[in-house]
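Protein chains get the first letters and strands the later ones, always in sequence-line order, with residue 1 at the start of each.
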2 protein chains.
Amino acid sequence: MSHNKLSRRELIAGTGAAAIGAALAQLGGGIISKVEAKVETNKWPWPYEKLSPEKTAELAYNEWYRIFCGGAVISSIFGQLREKIGEPYKSFPIDAFIFLEGGIGGWGTICGSNAGANIVTNLIIGPRTSGSEDGALMGSEILQWYSEASMPVYLPKNPRITSELPKTTSNSPLCHVSVGKWMQAANKPLGSPERKDRCARVTASVAYHVAELLNDWKDGKYKTKGPKPAGMYNIQTQNNCTDCHGANVPMPPK
Amino acid sequence: MSHNKLSRRELIAGTGAAAIGAALAQLGGGIISKVEAKVETNKWPWPYEKLSPEKTAELAYNEWYRIFCGGAVISSIFGQLREKIGEPYKSFPIDAFIFLEGGIGGWGTICGSNAGANIVTNLIIGPRTSGSEDGALMGSEILQWYSEASMPVYLPKNPRITSELPKTTSNSPLCHVSVGKWMQAANKPLGSPERKDRCARVTASVAYHVAELLNDWKDGKYKTKGPKPAGMYNIQTQNNCTDCHGANVPMPPK
């Protein structure tokens, strides 16, 4: 037998290496993609390339109509990084985060776009135990920015609702407060196309800002805008105490 | 040259297959683990094996002191499934979810243990687009259960604080409300060892209940306890309207 005509079986036998046999057995299954899938998802920072904030916002706007606020923010950024970089973004289960809708399953707690933004910044930059606080600080900063912004900030290129939508300031990162104040100003119910498009635009606005901040971070220019609120008030809290407590804000024990 | 003594290079040349060359080039890097890492993270449900709720709670209690409420709930369940099953749990970036602490970066929005529980149920069972609403409904049910429970429910086997801790009912899934009511009842500040151990026990309580519900689901016995609140109130909301609004609860536009 010529070694130019080795059968696959003889080739394996010739090496005597079980590992090679295992490797060859995988060839039909596309070993290249399997190798690509091996990534260090538990080491930070994850690889990042700068993104167009406008393109990110447009993607988020359209994705809202598929997977709603939190999923759309994650998808608008990770979707682009899946194409530009590949793993670990390809393996990340984006669609599972539909549940962030309506402030976590309809409960009106944190606006899903804020939750999605925090997932994105903390997954890319990493937790503070990995050496940088920037992921958490950037996420926290987005909550502050969201609370103060006249929302929706971003106007899509081809909005599904062509009439002008009112803008409101939530003074809170919570879905219930943000949506409730807007619904009151617009006099539109939850199920209206206008309310839906408002939330899609809010999602786009948040995605735009996340891309801006991540681009700054990639350029080594990111500096957080301020401390986290728990350190200021001795309780985990928003900054809008009187919204719920009125003038009689309780003091936490010292 | 005998084919019993083929060099690696000749072996590759003999086949003429670039793919085999690529495969062999990987052998030194441990191709087996790379193959193992190839998983369908975007298909649901993820593989699940029943877990001991008590063991899960103990793991969550201890993990709170490392990665706090949200990370600890995820770690207590995914950590065990990493050992029992492997992927996709091994690749999931658990530690990045430290940021769920203090109701998302200290903002007092959704209690991190509730957010972590929703991540777990939705990642394992999947989003509704994958064919089942049970992941989101189970997550929502946990928020309701948390709001009504006298917390902390679970007493660890070897608690770090040996004095008895008061129990409080939050009537809300929010960190700020849950922690604030407990701090008031206990007269203990945010930085006290008692408050920290209370939150570690709340985390353990949630992890215990998540394991119970997932075990029921695995046995085909899971039935959600009720609808999501947005459908009942025409706004995304908690069920405790008067806590913030007093007697004057605004009505959403119709």
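Using a 4.5 Å cut-off between heavy atoms, A:Glu101 touches chain B through its side chain atoms alone. Heavy atoms of A:Ser178 lying under 4.5 Å from chain B are absent altogether.
The candidate with the highest count of non-hydrogen atom pairs below 4.5 Å against chain B, out of A:Phe99, A:Phe97, A:Trp44, is A:Phe99. Counting heavy-atom pairs closer than 4.5 Å to chain A, the top residue among B:Ile125, B:Ile235, B:Asn239, B:Thr129 is B:Ile235. For the options B:Lys188, B:Gln184, B:Arg128, B:Lys254, heavy-atom pairs under 4.5 Å to chain A are most numerous at B:Arg128. Among A:Val179, A:Leu190, A:Asp243, the residue with the largest count of heavy-atom pairs under 4.5 Å with chain B is A:Leu190. Between chain A and the residues B:Gly108, B:Pro252, B:Pro253, the most heavy-atom pairs under 4.5 angstrom are made by B:Pro253. For the set A:Thr121, A:Leu137, A:Leu143, A:Asp95, the entry with the most heavy-atom pairs within less than 4.5 Å of chain B is A:Leu143. In terms of non-hydrogen atom pairs under 4.5 Å with chain A, the most contact-rich of B:Ser140, B:Cys244, B:Ala136 is B:Ser140. When the candidates A:Leu123, A:Asn118, A:Asn187, A:Asn234 are compared by the number of heavy-atom contacts under 4.5 Å with chain B, A:Asn118 comes out ahead.
The structure places CD1 of A:Ile104 at 8.0 Å from CD1 of B:Ile119, a figure rounded to the nearest 0.5 Å. Note that OG1 of B:Thr109 is 14.5 Å distant from NE2 of A:His176, once rounded to the nearest 0.5 Å. The CG atom of B:Asn42 sits 6.5 Å away from atom CD1 of A:Ile94, with the distance rounded to the nearest 0.5 Å. B:Ile98 CD1 to A:Ser130 OG: the interatomic distance, rounded to the nearest 0.5 Å, is 8.0 Å. We find the CG-CG distance between A:Leu174 and B:Leu174 to be 6.0 Å, quoted to the nearest 0.5 Å. In this structure, OG in A:Ser91 is found 9.5 Å from CD in B:Glu40, a value given to the nearest 0.5 Å.
At least one side-chain heavy atom of A:Pro93 sits under 4.5 Å from a side-chain heavy atom of B:Trp46.
Side-chain atoms of A:Thr237 do not come within 3.5 Å of backbone N or O of B:Trp107 as any donor-acceptor pair.
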